[in-house]
Asks: 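Pasting a structure here, questions to come.
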Number of protein chains: 2
Amino acid sequence: MTKTRVLIVDDEPNIRDLLATSLRFAGFDIQTAANGTSAVAAVTASEPDIILLDVMLPDMNGFSVTKKLRSAGIQAPILFLTARDEVEDKITGLTVGGDDYLTKPFSLDEVVARIQAILRRTKSSDAEPAVIDAGPVVINQDAHEVSVEGTLVDLSPTEYKLLRFLVMNADRVLTKAQILDHVWEYDFNGDMGIVESYVSYLRKKIDPISSRSLIQTKRGVGYIYKKND
Amino acid sequence: MTKTRVLIVDDEPNIRDLLATSLRFAGFDIQTAANGTSAVAAVTASEPDIILLDVMLPDMNGFSVTKKLRSAGIQAPILFLTARDEVEDKITGLTVGGDDYLTKPFSLDEVVARIQAILRRTKSSDAEPAVIDAGPVVINQDAHEVSVEGTLVDLSPTEYKLLRFLVMNADRVLTKAQILDHVWEYDFNGDMGIVESYVSYLRKKIDPISSRSLIQTKRGVGYIYKKND
DNA sequence: GTTTTGTCTGAAAGAAACCTGAGAGTTAGT
DNA sequence: ACTAACTCTCAGGTTTCTTTCAGACAAAAC
């Protein structure tokens, strides 16, 4: 099985590097472009499986790039990246087909999740399953539903992302820094106390259902979700 | 199999030498740099497998160095070194990809363990396994769990590090000085009585489970963990 | 057998890490 | 515009860990 090829198109080097590093580590084959022109060039050269495209590029906007790509016969789905204030107007009409969009700032875990979701929808056979089954906790990513030992639990967006990150890394200790860097938006600059708070919230919701303590504290290290006892 | 190349970047000569000596002994191929500029130069020249990077350098900070390295196409994972008080602010966003960080002062054993962990995650095939299986004692480094003859034991951070050090050096006598130097932070300046204390704590936790005495005292020399009887 | 030397372990102070409730500020929904 | 839900911060309370120390104990030396 060959790696999924992702093309990242963004003019901010920071974002580009952040995405590249993160996605490369997540197992994707990465290529980058800093503007629309070189994006079109890169696409025709390398035929990516999915494209991450900032809608505000120095030389052309998301519409133009998309149009150029489509007319060049490229059918790879696109995940549009957009600032929070340039929302609705600029995006409507873009997310047709398997496309989707994500507002900046985003969390790294969310980017990966969205890419997986798109690959799933577009039936790229090399996609992760929609349902994460990790012992007592089962997460249906399509329905955005979480159940513990069969009973549904209602989680806030952040609680959901946190639990998903823990569960996807089951049986491995995650430090608070890692959790913060993956689950929270990349420009968050509060301290790690918030991770403690949210772990507390999660426990209050899921522990009463389960017979054991699902999220364990490894004092001095971090937290761990254990599939089995 | 060729040695793993490590580049150490720190402006304090003491720390540099300490790390260099210790890691060289642990089997790594070491190179050093005292500031960001020469780090970038060294990296492009020698292509290390992993980089130890102090976040506070005289000429530029960790972010800048990282950025320069990444945009130069260097994908080697980075283990950031940071003082305890500059943790919260300076670290967020750094533990992306295979990267990790360690606060000063650290213990030498911990540095090696972290390097191994990173190499493991980034699938640099020349990595030690996550599970140390040494007879009755089995240590799962991903989960930070220790079991003796199959039953889990709950250890404090220091107990864990001490046992790991003993087990990794199984069947070899370790002096209290060696233990102190590897397991405790490099600026610790208490006496070796603390090693006795912690050996005592460990024995109290693991000996009752096992049928034999796992950590033996070599009077006048030190301690030894024996895999087999 | 007694002394000396080295090791073990319990107690206790202090520090560190963690948990959680309360509240302010924000966003989203009706 | 009002209400509900959510995010984030903070501080008090709690638990656990670290370190020191002194006396008990054990082994070797004389």
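From a predicted model like this one, the values you see are computed outputs, not experimental measurements. Proteins come first, then strands; the chains are lettered A, B, ... in the order of their sequence lines, and each starts at number 1.
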Asks: I need the CD-P distance between A:Glu159 and D:dC6, as an integer number of Å.
Replies: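 Going from CD in A:Glu159 over to P in D:dC6 covers 7 Å.
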Asks: Do the two ring centres, one from B:Tyr198 and one from B:Trp184, sit under 6.0 Å apart?
Replies: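 Close enough - the centres of the two rings lie under 6.0 Å apart.
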Asks: Please say which of B:Phe106, B:Phe165, B:Phe25 ends up in a ring pair (Phe, Tyr, Trp, His ring centres under 6.0 Å) with B:His182.
Replies: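 Per the ring pair (Phe, Tyr, Trp, His ring centres under 6.0 Å) rule, the option paired with B:His182 is B:Phe165, out of B:Phe106, B:Phe165, B:Phe25.
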Asks: Separation of A:Leu162 atom CG from D:dC6 atom P, in whole Å?
Replies: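 After rounding, the reported distance stands at 15 Å.
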Asks: In terms of side-chain geometry, is the basic nitrogen of A:Lys204 or A:Glu159 positioned less than 4.0 Å from the acidic oxygen of its partner?
Replies: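 Here A:Lys204 does not pair with A:Glu159 in a salt bridge, since their nearest N and O are not under 4.0 Å apart.
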Asks: CG of A:Leu202 versus P of D:dT7: gap in Å, rounded?
Replies: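 Rounded to whole Å, this separation is 11 Å.
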Asks: Reckon B:Thr158 has a side-chain N or O less than 4.0 Å from the OP1 or OP2 of D:dT18?
Replies: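 Indeed, a polar side-chain atom of B:Thr158 lies that close.
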Asks: For residues 207-229 of chain B, which residue pairs pass the ring pair (Phe, Tyr, Trp, His ring centres under 6.0 Å) check, not counting sequence neighbours?
Replies: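 Non-adjacent pairs meeting ring pair (Phe, Tyr, Trp, His ring centres under 6.0 Å): zero.
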Asks: State whether B:Lys104 and B:Glu12 are salt-bridged, where the test is any N-O pair (Lys NZ or Arg NE/NH1/NH2 against Asp/Glu carboxylate O) under 4.0 Å.
Replies: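 Yes, B:Lys104 and B:Glu12 are salt-bridged.
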Asks: Five pairs at each end of the helix from C:dG1-D:dC30 to C:dT30-D:dA1: take the axis at both ends and give me the angle between them to 10°.
Replies: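 Overall, the helix from C:dG1-D:dC30 to C:dT30-D:dA1 bends by 30° from one end axis to the other.
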Asks: Check this for me: does any side-chain nitrogen of one of B:Asp142 and A:Lys218 sit under 4.0 Å from a carboxylate oxygen of the other?
Replies: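 A salt bridge is absent here (no side-chain N lies under 4.0 Å from a carboxylate O).
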Asks: Return the value, rounded to whole Å, for the distance between atom CZ of B:Phe188 and atom P of D:dT18.
Replies: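 Checked: the CZ to P distance equals 11 Å.
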Asks: Between B:Trp184 and D:dT19, does any side-chain N or O lie under 4.0 Å from OP1 or OP2?
Replies: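 Checking D:dT19 against B:Trp184, a side-chain N or O does come within under 4.0 Å of OP1 or OP2.
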Asks: Over how many whole Å does the gap from A:Leu155 atom CG to D:dA5 atom P extend?
Replies: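 After rounding, the gap between these two atoms is 15 Å.
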Asks: Starting at the 5' end of nucleotides 6-19 of chain C, put B wherever the base has a protein heavy atom under 4.0 Å, S where only the sugar-phosphate does, and a dash everywhere else.
Replies: BSBBBB-----BSB
Asks: What is the distance, to the nearest angstrom, from the NZ atom on A:Lys205 to the C1' atom on C:dT20?
Replies: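 Spelled out: NZ on A:Lys205 to C1' on C:dT20 is 15 Å.
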Asks: Check this for me: does any side-chain nitrogen of one of A:Arg164 and A:Glu110 sit under 4.0 Å from a carboxylate oxygen of the other?
Replies: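 Looking at A:Glu110 together with A:Arg164, the answer is yes, because their closest N to O distance falls below 4.0 Å.
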Asks: Should A:Leu52 and A:Asp10 count as side-chain neighbours, where that means a heavy-atom distance under 4.5 Å?
Replies: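 Not in contact.
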Asks: Give a yes or no on whether the backbone of A:Ile215 and the side-chain of A:Arg203 come within a donor-acceptor separation of less than 3.5 Å.
Replies: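 Pair found, side chain donor or acceptor close to backbone of A:Ile215.
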Asks: Between D:dC10 atom P and A:Ile194 atom CD1, what is the distance in whole Å?
Replies: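 These atoms are roughly 11 Å apart.
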